[in-house]
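To start, the structure itself, in structure tokens.
Note on naming: letters A, B, ... go to the chains in the order of the sequence lines (proteins, then strands), and numbering restarts at 1 for each one.
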2 protein chains.
Amino acid sequence: MADLEHDPACADIGDELHFCRTCAFAAACLNSGYDKARLTRLHTLIEHTEILPRGARLFREGGPFSTIAAVRTGAVKTCRADAEGREQVLGFFLPGEVIGLNAIANGCYPCDGVVLEDTVLCQVSFASMADLATRMPALQARLFALLSEDIGRAGLLAGDFPARERLAAFILSLSRRYAARGGSATRLRLPMTWSDIACHLRLAPETISRQMKGFQEEGLMSVGRREVTIDDMQRLEALAGDMLRGLPA
Amino acid sequence: MADLEHDPACADIGDELHFCRTCAFAAACLNSGYDKARLTRLHTLIEHTEILPRGARLFREGGPFSTIAAVRTGAVKTCRADAEGREQVLGFFLPGEVIGLNAIANGCYPCDGVVLEDTVLCQVSFASMADLATRMPALQARLFALLSEDIGRAGLLAGDFPARERLAAFILSLSRRYAARGGSATRLRLPMTWSDIACHLRLAPETISRQMKGFQEEGLMSVGRREVTIDDMQRLEALAGDMLRGLPA
DNA sequence: CCGCCGCATTGACCTAGGTCAAGAGCGACA
DNA sequence: TGTCGCTCTTGACCTAGGTCAATGCGGCGG
């Protein structure tokens, strides 16, 4: 467990008395003057999973929804297959990010949830969370903000930017999200395959390969096996900033 | 005003004592056993705008967010321009649908809001709404559902479906949304131009034109100037259903 | 009633990126 | 340590859809 705690890409681990440092839910509450009883109440709603291995399915498209989950360590993708079996990756979830918000509307998941590397989640019954939010306006506000943020994130890929910009924006987004959680903004370990990225960005894996090569040749970044080091953040931001404009983290 | 009330594409008009029939907010509350005082309280938060003409801007990208709005009659698009001035249409909003949910996260709008035809809105301070939701769990649930639904809607265009399917799905989606509000599922008046549709679907206007022609030749639908009549719903659903799967309305 | 203007149509051509096919690394596991 | 199986790379070719340009047309203002 020690190695988990020292991996800068991981949220640290709370115990029965403390929230995880990057807890997606508590963050907004801790500074809102709630008494200990309420915080404890929120805390007791949260259940940690065991370590889930790569490939584990958290849920399947159409399955019943009842809990949302925050990634504590590891990474998860949500995806669905179209009629011809081609996979579409809706999103990737890094430590501190919340999975399942798109299932609230229908009460069932519109996509599969798949673990990308050894992962631990914090799970919360959404109904209990909403009920508690009734008594903790800051928690309610936090939930609204999380939902709203996801609208923007989901819409990112709707635009018709060229492959190059979509990939740049994807990498910059990863960088910002890791950095916001206390990780490195320039050295990124990628928990997903080229193929996953391709399905997410609506590109062929070959295109990812070629664009990555291009970035490297231009000195924008160094690309290794499942890792990227950003060498020229300025230029990367110039390339992708337009697409990411208006997004937090 | 009489013509508004009889246009099946329009939500009917509430007065100071009654909600609009298709009110996006009240729907979930009316059958939840709230007392008159609470419903009145919700009702008094809602302000109707004057008739806004085509082209009016409701808000601009980066502008401060404080109210959400439901379309009462008319139609609105949200859009933004990328660095080269090419427009991206994030979404269209028909009577009964709620605008501005993607602005909650940041407190400022990530896009412009533009009126497409004479439009009346119901506006509500989001802060007041959230405060009231604290005391009306069904209202809170409704808000969560609206937000969550928008995540799915925003992600629709992320997939790489061919032009033909994207356009079919768009038309089917319009049909379902009008039908859900009591309008016709087969005869659609389109409040937006071909260009707007193109910017939304990440296509060139010429492609819309050609695909529409194709649909018409195949007997799928009859396409007129700013209107479409669906002639073969079965085949349209077969064509677009996969893309829309898992979406309400 | 006429002329203008923005939207829609149509055809010819072009290109970004997909597809196909053939390797090359690298890790896992026996 | 060898082999199997992914994942990634690279090159050749192809196509969906974009772009450009010319034309039609309906609505609106004068």
Side-chain angles (χ1 to χ4, degrees), chain A residues 53-55 75 77 82 84-89 114 116-118 157-171 189-217 221-228 239 243, chain B residues 53-55 75 77 82 84-89 114 116-118 157-171 189-217 221-228 239 243:
Chain A
R54 170 174 178 82
K77 70 173 172 180
D82 69 15
E84 291 84 40
R86 292 163 47 84
E87 177 177 274
Q88 175 188 3
V89 172
V114 180
L116 292 173
E117 62 183 9
D118 283 2
L157 304 126
D160 78 333
F161 298 91
R164 179 180 168 73
E165 287 176 37
R166 295 214 292 280
L167 182 55
F170 174 73
I171 292 168
R189 242 184 0 88
L190 306 180
M192 71 292 283
T193 68
W194 265 209
S195 259
D196 286 332
I197 299 177
C199 293
H200 183 52
L201 299 181
R202 205 194 311 139
L203 294 170
E206 293 92 331
T207 304
I208 304 291
S209 202
R210 292 190 246 260
Q211 294 293 337
M212 287 285 201
K213 193 184 175 192
F215 286 156
Q216 178 149 340
E217 285 169 358
M221 57 185 76
S222 318
V223 180
R225 172 175 183 70
R226 293 284 181 96
E227 77 172 29
V228 160
L239 188 55
M243 204 174 144
Chain B
R54 171 174 176 81
K77 69 173 173 181
D82 69 16
E84 292 85 40
R86 291 164 46 84
E87 177 179 272
Q88 175 189 3
V89 172
V114 180
L116 293 174
E117 61 183 9
D118 283 1
L157 303 126
D160 77 335
F161 298 89
R164 178 179 168 73
E165 287 176 37
R166 294 214 293 281
L167 183 54
F170 174 73
I171 291 168
R189 243 184 1 86
L190 306 180
M192 70 294 282
T193 68
W194 266 208
S195 260
D196 286 332
I197 299 176
C199 293
H200 182 53
L201 299 181
R202 203 193 314 135
L203 295 171
E206 292 91 333
T207 303
I208 304 291
S209 202
R210 293 191 246 260
Q211 294 293 336
M212 287 286 200
K213 192 184 176 194
F215 286 156
Q216 177 150 338
E217 284 168 358
M221 58 186 74
S222 317
V223 181
R225 168 172 187 70
R226 295 283 182 96
E227 79 172 27
V228 161
L239 188 55
M243 205 176 144

Any residue meeting ring-ring contact (aromatic ring centres under 6.0 Å, His included) with B:Phe170, in chain and number order, not counting sequence neighbours: B:Phe92, B:His200
Please give, in whole Å, the distance from C:dT9 C1' to B:Met212 CE? 13 Å
Sequence neighbours excluded, which residues qualify as side-chain contact (heavy atoms from CB on, under 4.5 Å) partners of B:Met243? B:Phe161, B:Arg166, B:Ala169
Residues at least two apart in sequence or cross-chain that pass salt bridge (Lys or Arg N to Asp or Glu O under 4.0 Å) with B:Arg164, listed by chain then number, are B:Glu218
Could you tell me which residues satisfy salt bridge (Lys or Arg N to Asp or Glu O under 4.0 Å) with A:Glu87, sequence neighbours excluded, listed by chain and number? A:Lys77
Axis bend over the full length of the helix from C:dC1-D:dG30 to C:dA30-D:dT1, computed from five pairs that close each end, to 10 degrees: 40°
Tell me, please, which residues at least two apart from A:Arg86 pass salt bridge (Lys or Arg N to Asp or Glu O under 4.0 Å). B:Asp160
What's the closest nucleotide to the A:Lys213 side chain, out of D:dT10, C:dT10, C:dA8? D:dT10
Salt bridge (Lys or Arg N to Asp or Glu O under 4.0 Å) against B:Glu117, all qualifying residues, sequence neighbours excluded: B:Arg189
Whole Å only: how far is the CZ atom of B:Arg54 from the C1' atom of C:dC5? 14 Å
Tell me every residue that passes side-chain hydrogen bond (donor to acceptor under 3.5 Å, both in side chains) with B:Ser222, counting only those two or more places apart in sequence or in another chain. B:Asp231
Distance, nearest 0.5 Å, that separates CG of B:Asp118 from CZ of B:Arg54: 10.5 Å
B:Leu116 atom CG is separated from C:dC7 atom C1', nearest whole Å, by 15 Å
Would you indicate, yes or no, if C:dT9 has its OP1 or OP2 atom less than 4.0 angstrom from a side-chain nitrogen or oxygen of B:Trp194? yes
Could you state the CD-P distance from A:Glu117 to C:dG27, rounded to the nearest angstrom? 16 Å
Those residues that, when tested against A:Ser209, pass side-chain contact (heavy atoms from CB on, under 4.5 Å) (two or more places apart): A:Trp194
Rounded distance in Å - CD (A:Glu227) to P (C:dG27): 12 Å
Considering only nitrogen or oxygen atoms on both sides, find all protein atoms under 3.5 Å from nucleotides 28-30 of chain D and state each distance.
none

To the nearest 0.5 Å, tell me how far B:Ile171 CD1 sits from B:Leu190 CG. 7.0 Å
B/S/- along nucleotides 13-27 of chain D (protein heavy atoms under 4.0 Å) is ----SSBBB----S-
What is the distance, rounded to the nearest whole Å, between atom CE of B:Met192 and atom P of C:dA8? 11 Å
Distance, rounded to the nearest Å, where B:Ile208 contributes CD1 and C:dG6 contributes C1': 17 Å
Under the side-chain contact (heavy atoms from CB on, under 4.5 Å) rule, collect the residues that match up with A:Pro162, sequence neighbours excluded. A:Glu165
